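Right, one structure below, let's go through it.
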Amino acid sequence: MKTRTPPPTLTEKYSGVPPRLASIAQQAKDRLYSHRTAPESIPRRHDVRLPPDTTREAFDEAIRMLRQALGPENVVLNDQPLVDGWYLEHPNTHDAFHMVDQEDLVCSAVAYPGSTAEVQAVVRWANEYEIPIYPISIGRNVGYGGSAPRVPGSVVVDLGRRMNKILDIDAENASCVVEPGVSYFALYEEIQKRKLPLWIDTPDLGGGSVLGNAIDRGVGYTPMGDHFANHCGMEIVLPNGELLRTGMGALPGKGGADNPTWQSFQPAYGPYSDGVFSQSNFGIVCQMGFWLMHETDHQSYMITFARDEDFPDIVEAIRPLAQKRILGNIPQLRHVAQELNVTGLPKSHWYSGTSPIPRDVIRKHASQLPCGDCSWVFYGTQYGDEASIKTQLDTIKSAFAAIKGYKFFLPFDLPTDHYIHSRALVCSGVPVLRELDWLNWKPNAAHLFFSPITPTRAADAKVVHEINVRLHAKYGFDLFPTLCVAGREMHYIANIIYDRSSASEKRRAAGLMRELIAEAAREGYGEYRTHILFADQVAKTYGWNNGALMRFNETIKDALDPNGILAPGRNGIWPRKYRGKGWELFGDSVEMAIGGTIAPKL
Ligand code: EUG
C-alpha cells in the first residue's frame, strides 16, 4: 500500500493526533486513500460563492474591512480547488462528506479570530455588512455537515485555529475550561502530561472539539457520556456583539477574577439559559467548563445474542439495568453487520454484489469471526473496584441469561485486533481513531447519520428498527444500527454509508434519510441531531401545537439577531430576514438539489 504524507500530530497542529497514535493514523489514512477512485480535487466550476444579496464589490469592501480588524493573514477567500481530505486533514471550506454538490454548501471566506474580543469584532462586522457568519470549533461534525455553512457564501468563523487553549484544569474540582479548538486528543494528552488521576469523556472519534461536540449535544461512553449535562458554565458572544457568561460566571469574582463557583454549580440564579445555546444559532460559545471524572478500575465486555428476533427481549432486559444504573456507562448495542464493518475491510471483501449484503452472507462470515454466528452484539463497561465489578457483572449476566444462546466475552477472550479493545479505551476516556474503519466499506465513502431517539422499551425500539430495516432495503443501503443506551432512552444511530463521487447514490441516501425522518415522526419518534440539510425537516417534526416550539425559537432568534447574521438555518431556525423566502428544505428538496444547487426557491 502506498504511504501518504504523514497526518499532522498535536505537536505540529492543534487539530493533529497525539504522537502515540501517529502510526495508527498513518495506516488509517493509507487504507482510506487506497479505496479512492475519485480525484483529490476537481477544478472549481464557480468563482467565490458570494453571500446572499451581496455584490462582488460590496463583498470585496467588507472583506477589506474584516482584514483590517483581524489582520490580512486571518481572512482567507474560499477560491481554491476544494479538497475533501480525510478526518485528520479536513476542510473548513465545505462539507467533506458532501451530500449535495461538493461546491454547493461552501463558504465565501474563512475568518480566524484569535480572541473573544476578535469574535465580537467579527460579529459587529457581520451586522454592519449584513453578511451571514457560520462559526465552527474544529469542523469535525462529520455526518452532520462538518464545517459547511447552511447558507452558501456565509463567512466561516473558524474559532479553533487560534482559540485552542485549555484555559484551566482544576484538579481539586475535577473540572476544566476550554476554548473551541481543544480536541479530545489535546485535553486527554494534557491530563496525562500533568499526571492527574482524572478521565475525560470522548466520543467514538477523538479529533472533535470538546466544546463543539457538547453544544451539539454529542455523546461519549463513560458514566459522564452526556456531554452537555456535564458542562458547567459558558462564555458567549451574542449576535449583537455583546459578551455573556452563564451560570455562576455571571457573578463577578473578587477583583475581576473568574467566579470561584463557575465550574461547580450549573444553573446559578434565574432561568437556566445554557440550554438555548446548544443546537442553536443564538450565540458563539467561546469558553466552556466541563466536569471531569475520577479514574477508576473498569471492565469492558461483549455479549452476543443468537437470533435477530431476540431484539425486543434484549431491549427489555436492558431497561431495568439502565434505569437502575447497573449499566455503568453508555453501552452500545450493535447489529452483527457491524462486526464485518469494524474490521476495516471493504464490502467487496465480504460480498461481490452491489445490493445490501444478504443476511445469510453476514451469517456465513460472522461464523468465522470471533463473535460467531450471532445477531446483536452488546458492548458494555462496568466501573468501580474489583469486587463491585464482579457483583455488577453477575447481575448483568443473570438479566441476560433468560435470552437463549447469549454469550459473554471479556477482552482477554478476544484477539488483540478485535474491536472490543478500542471500545475499552473509549469507555475509559481514551480518545482513539478506530471508528474511521467504517469508511473503508465503499470507495470514496462518506456517511450520514440517522439519529432517532427511542424509549428503552421493546415496543418502541421495534417500531424504529423496523422502519430502518424496511427503508434501508427499499433504498438499497446496508443497515448499520448502533444503539447508545442512556437509561430511559436509546440513541438509535443508523450510519448510512454512501459513495460521495456518485450523484445517484447520494440521491438514494438523501431519499432514504427523508423517508426515515418522515416515517419515524409519523410513529411519534424524532431525531436528537441531524445533518444541516435535513435540519428543516427534522425541526418541523417537532411541531406540536402548530409549531409552538419553532415560534418560540424564532422569537428568541429575532430578538437576539435582528439582522439574521448568525448561522441562519442552523437547526432549522431561520431569522426573520430569511423566512418565507424559500430557503427551507422540505419534501424532496435535498434530492432535487443534488447535481444542481441549494438556492432559495422563491
Ligand atoms: C455515533 C453515535 C452518535 C452519533 C453519531 C455516531 C456512533 C457511531 C450517540 O450519538 O450522533 C458508532
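The chain is numbered in sequence order, starting from 1. For ligands, and for the atoms within them, numbers begin at 1 and follow the listed sequence. Computed from a predicted structure; not experimentally measured.
- At most 12 non-hydrogen atoms from other residues, nucleotides or ligands lie less than 6.0 angstrom from CZ of Arg488.
- Distance check, rounded to the nearest 0.5 Å: CE of Met288 to CZ of Phe277 gives 11.5 Å.
- We find the OH-NE2 distance between Tyr498 and His447 to be 9.0 Å, quoted to the nearest 0.5 Å.
- In this structure, the separation between CZ on Arg363 and OG on Ser375 is 8.5 Å, given to the nearest 0.5 Å.
- The one candidate from Phe400, Phe408, Phe305, Tyr406 that meets the ring-ring contact (aromatic ring centres under 6.0 Å, His included) condition with Phe378 is Phe400.
- Minimum heavy-atom separation, Trp86 to Leu32: CE3-CD1, 3.8 Å.
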Tabulating one pair per line, provide the atom names and distances (0.1 Å) for every N/O atom of ligand 1 that is less than 3.5 Å from a protein N/O atom.
from     : atom 1 : to     : atom 2 : distance (Å)
ligand 1 : 10 (O) : Tyr528 : OH     : 2.9
ligand 1 : 11 (O) : Tyr144 : OH     : 2.5
ligand 1 : 11 (O) : Tyr528 : OH     : 2.4

